[in-house]
Number of protein chains: 2
Amino acid sequence: MPTKKIENSDGRLRHTARSVTLESVARLAGVAPTTVSRALNHPEKVAAKTLSRIQDAIASTGYVPNLLAGGLASSRSRLIAAIVPSIANLVYAETIQSFTRRVRESGYQVFLGETGYDPDAEEELVVTVLSRRPDAIFLTGIHHSATCRQRLLAAGIPIVETWDITPTPLDIAVGFSHSRVGHSVAAYLHDRGHRTFGVASADDPRARLRNRAFTAELAERGIDKVETSYLSPVSSLELGRRALADLLAATLTPIAVFCSSDTVAQGVLVEAQARGLASPEDVAIVGFGDQNFAAFTYPALTTVKIDRVTIGERSAEALLARLDDEPVEENVVDVGFEIIARQTA
Amino acid sequence: MPTKKIENSDGRLRHTARSVTLESVARLAGVAPTTVSRALNHPEKVAAKTLSRIQDAIASTGYVPNLLAGGLASSRSRLIAAIVPSIANLVYAETIQSFTRRVRESGYQVFLGETGYDPDAEEELVVTVLSRRPDAIFLTGIHHSATCRQRLLAAGIPIVETWDITPTPLDIAVGFSHSRVGHSVAAYLHDRGHRTFGVASADDPRARLRNRAFTAELAERGIDKVETSYLSPVSSLELGRRALADLLAATLTPIAVFCSSDTVAQGVLVEAQARGLASPEDVAIVGFGDQNFAAFTYPALTTVKIDRVTIGERSAEALLARLDDEPVEENVVDVGFEIIARQTA
DNA sequence: ATGAAAGCGCTAACAC
DNA sequence: GTGTTAGCGCTTTCAT
């Protein structure tokens, strides 16, 4: 590591070795700093000769613009904050990936904040994240504490809430109705003749919404008892295994189990097999998410398909429109969902 | 959205509504801005009464520090950049997650850059990322273009290269030897009696290292032909299926296949089953990564376990030590690996 | 097409 | 323990 403290000519201790700045590039190119700034941000406004001289200077010095300074001066950080429950969950990672790719085309960088599925973490995270002065913010979910909403609104930047919809978004919402998912899955299973039901779920607010609707739909169809297992907010195969064990301790087979994710569903399937139970005969299973392994479990997983890439893209487009002061035609985008009937239910 | 342009009292058009600044908090608390800054960064150096007055002022104004300004003034952004091939790959996501958690304890925020497995993307990404003036940088892999190395070194910040090791790191390396993995897997399979081999691999430099060593070890054991299929840099189940199809077009069963990831391995397994081939009898399979589903495929996947969380933690610790000017005892950390023998090989 | 001046919001050195 | 002064490196009027 190069040493970072040097003595300046004036004898004062500086923090960093004097690095290449806009000014040093300007001196080298024989122009004013302003002109270099223009060459970088509005090259069309600089004479071709000047431009190439500046570009040479940049290349020969290895100048890297300081976006902390640029952002401070212009009040535009070219940063977009994204708050997600977990980056180690493919479902969110794929949305973030498509979102990131799309906004990068317009020169924005995305930085992530992870709540770790802790609802209280969001409040603190929002402050941390706003302190970087993002130009826009991407949130997961539509439930935020009052303080949170207030801070978010006070920031005065475009906001997109994702993975859920609401008639009253903070600004823009891109997602689907979890309640409709719950109703649809209940109807699907009931229509296929299932009469005993269970829910194997991660303890996450959106999963709860689906489960509540699932139970409500079944109640309407005369089924008043739905065993539900909530073990942890983090989806895992292990959680699915334990959930099925829980359900079977309370209810008999055959049972139809609605899971909060495909990973949990895979765990349910594994546990069923370990107990010598067949799917769908003894344990019917519906997953959620349609991750890429869902089609390849044995038997193949019936699940609810969510278009994660579209959520990312539509969110990006909506935010970019706001940032460009373009009209946003619809501020609530429902990307829908689809039940993919495979073998487990 | 609140409007962003307002007319100031002096009649000049400002970019943002005058927001709450350190200065306004200071005025409210009846102290100098410096004191507020101190209250925030070195609260122990401020009198208790003053401190609480300042905290009240902060609370009542909803002040959120501007870290662009703070970073510019102090030359410490409290930002760490992490460059990864893909965020939608659990293997990297889990490392980043543990890394992020660890450095956050020391007040750093991590922002990600994604190369999309494109080796040329790194060069451009490094510049983009350095323009945010991170205090340290986390890289995936040890292979970087000359320009890249130079820019990285010129930044004068701590660097950790991960997922591989080298005797000559840019600064610090935390990973394991891919070549040793290749040799070990070859030995493992050969020792168990396999004599026909194939490689189903994503086209990624670290996978290539493993494959080369795998082939070399087998050559030493008298096996001079190892069919290898490279189809895409992105691991997917589909890629595994196509890879096995490729291999079987060139070689007969029984075959032992070394895969570049568990996902690819699962694809190989699925394809084998689709063709009515049994594992390990007809197609022996070794995966890579030991992801959580590996123990639950049928038959369960034999694979190479990598401790992704440890890579993240050790990287974080090394970087934090550098940032605190503490001595880093070892600048090359080998976290090792382990072959997990299950059923497919 | 280019430059001079002012300032973004904060921290750091130094004095008191 | 607190305040004063001087920037950090850039962008933005406004003038030429």
Side-chain angles (χ1 to χ4, degrees), chain A residues 4-5 7-8 10-27 29-54 58 61 63-78 130-133, chain B residues 4-5 7-8 10-27 29-54 58 61 63-78 130-133:
Chain A
K4 292 189 72 190
K5 306 235 178 215
E7 202 70 91
N8 251 17
D10 60 10
R12 292 254 303 283
L13 193 63
R14 310 294 305 216
H15 299 280
T16 57
R18 181 160 282 302
S19 50
V20 183
T21 65
L22 233 206
E23 198 198 330
S24 53
V25 171
R27 258 200 317 269
V31 296
T34 324
T35 307
V36 178
S37 174
R38 256 193 297 262
L40 255 17
N41 302 314
H42 310 282
E44 73 283 0
K45 294 185 176 175
V46 173
K49 298 184 59 167
T50 319
L51 191 59
S52 79
R53 235 176 334 130
I54 291 173
I58 289 176
T61 51
Y63 170 65
V64 177
N66 183 333
L67 261 41
L68 293 177
L72 177 61
S74 65
S75 307
R76 298 192 55 212
S77 61
R78 298 217 146 262
L130 289 179
S131 67
R132 301 287 172 188
R133 296 295 187 267
Chain B
K4 292 190 71 188
K5 306 239 175 206
E7 199 73 88
N8 251 17
D10 59 11
R12 292 257 304 282
L13 192 63
R14 310 294 305 215
H15 298 279
T16 57
R18 180 162 281 304
S19 50
V20 183
T21 65
L22 231 205
E23 199 198 331
S24 54
V25 172
R27 257 198 320 266
V31 298
T34 323
T35 307
V36 178
S37 173
R38 257 192 296 262
L40 256 17
N41 302 314
H42 311 282
E44 73 284 359
K45 294 185 174 173
V46 174
K49 300 185 55 168
T50 319
L51 192 58
S52 80
R53 232 171 343 123
I54 291 173
I58 289 176
T61 51
Y63 170 65
V64 177
N66 183 333
L67 260 43
L68 293 177
L72 178 61
S74 66
S75 308
R76 297 193 55 214
S77 61
R78 298 215 147 263
L130 288 179
S131 67
R132 301 286 171 188
R133 294 297 186 267

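Convention: sequence-line order gives letters A, B, ...; per-chain numbering from 1.
Taking CG from L51(B) and CZ from R38(B), the interatomic distance works out to 12.0 Å, rounded to the nearest 0.5 Å.
Residue V36(A) is tested with T50(A), V25(A), V46(A), T21(A) for a side chain to side chain contact (heavy atoms under 4.5 Å, CB included); the sole match is V25(A).
Atom P of nucleotide dC10(C) and atom CG of N66(A) are separated by 17 Å, given to the nearest angstrom. Atom CD1 in I58(B) sits roughly 16 Å away from atom P in dG9(C) (whole-Å rounding). One can place CG of L67(A) at 14 Å from C1' of dC8(C), the figure rounded to the nearest angstrom. Across the protein-nucleic acid pair, R133(A) atom CZ and dC10(C) atom P stand 7 Å apart, rounded to whole Å. Atom CG in L72(A) sits about 8 Å away from atom C1' in dC10(D), given to the nearest Å.
Residues P65(A) and R133(B) come closest through the heavy atom pair O-NH1, 3.3 Å. The two atoms that bring E23(A) and P33(A) nearest to each other are CG-CG, 4.3 Å, heavy atoms only.
The closest donor-acceptor contact from the side chain of S24(A) to the backbone of V20(A) lies at 3.5 Å or more, if one exists at all.
In this structure, the side chain to side chain contact (heavy atoms under 4.5 Å, CB included) partners of S131(B), at least two apart in sequence or on a different chain, are V64(A), L67(A). When the side chain to side chain contact (heavy atoms under 4.5 Å, CB included) test is applied to S37(B), the partners found at least two apart in sequence or on another chain are L22(B), N41(B). Under the side chain to side chain donor-acceptor pair (under 3.5 Å) criterion, R78(B) pairs with no residue, sequence neighbours left out. Shown here are the side chain to side chain contact (heavy atoms under 4.5 Å, CB included) partners of A32(A), two or more places apart in sequence or in another chain: T34(A), T35(A).
Nearest-nucleotide positions on DNA chain C place V31(A) closer to the 5' end than the other of V31(A) and Y63(B). Residues L68(B) and T34(A) each lie close to DNA chain C; by heavy-atom proximity, the contact nearer the 5' end of the strand is made by T34(A).
In this structure, A69(B) reaches the bases: a heavy-atom distance under 4.0 Å links it to at least one base atom across the strands shown.
Nearest nucleotide to the L22(B) side chain, out of dG7(C), dC8(D), dT11(C): dT11(C).
With the 3.5 Å cutoff on both pairing distances, Watson-Crick and G-U pairs in DNA chain D assemble into runs of at least 3 at C:1-16 with D:1-16.
At a non-hydrogen distance threshold of 4.0 Å, S37(B), N41(B) from residues 36-46 of chain B come into contact with DNA chain C.
Between T50(A) and the phosphate of dT2(C), there is a side-chain N or O to OP1/OP2 separation shorter than 4.0 Å.
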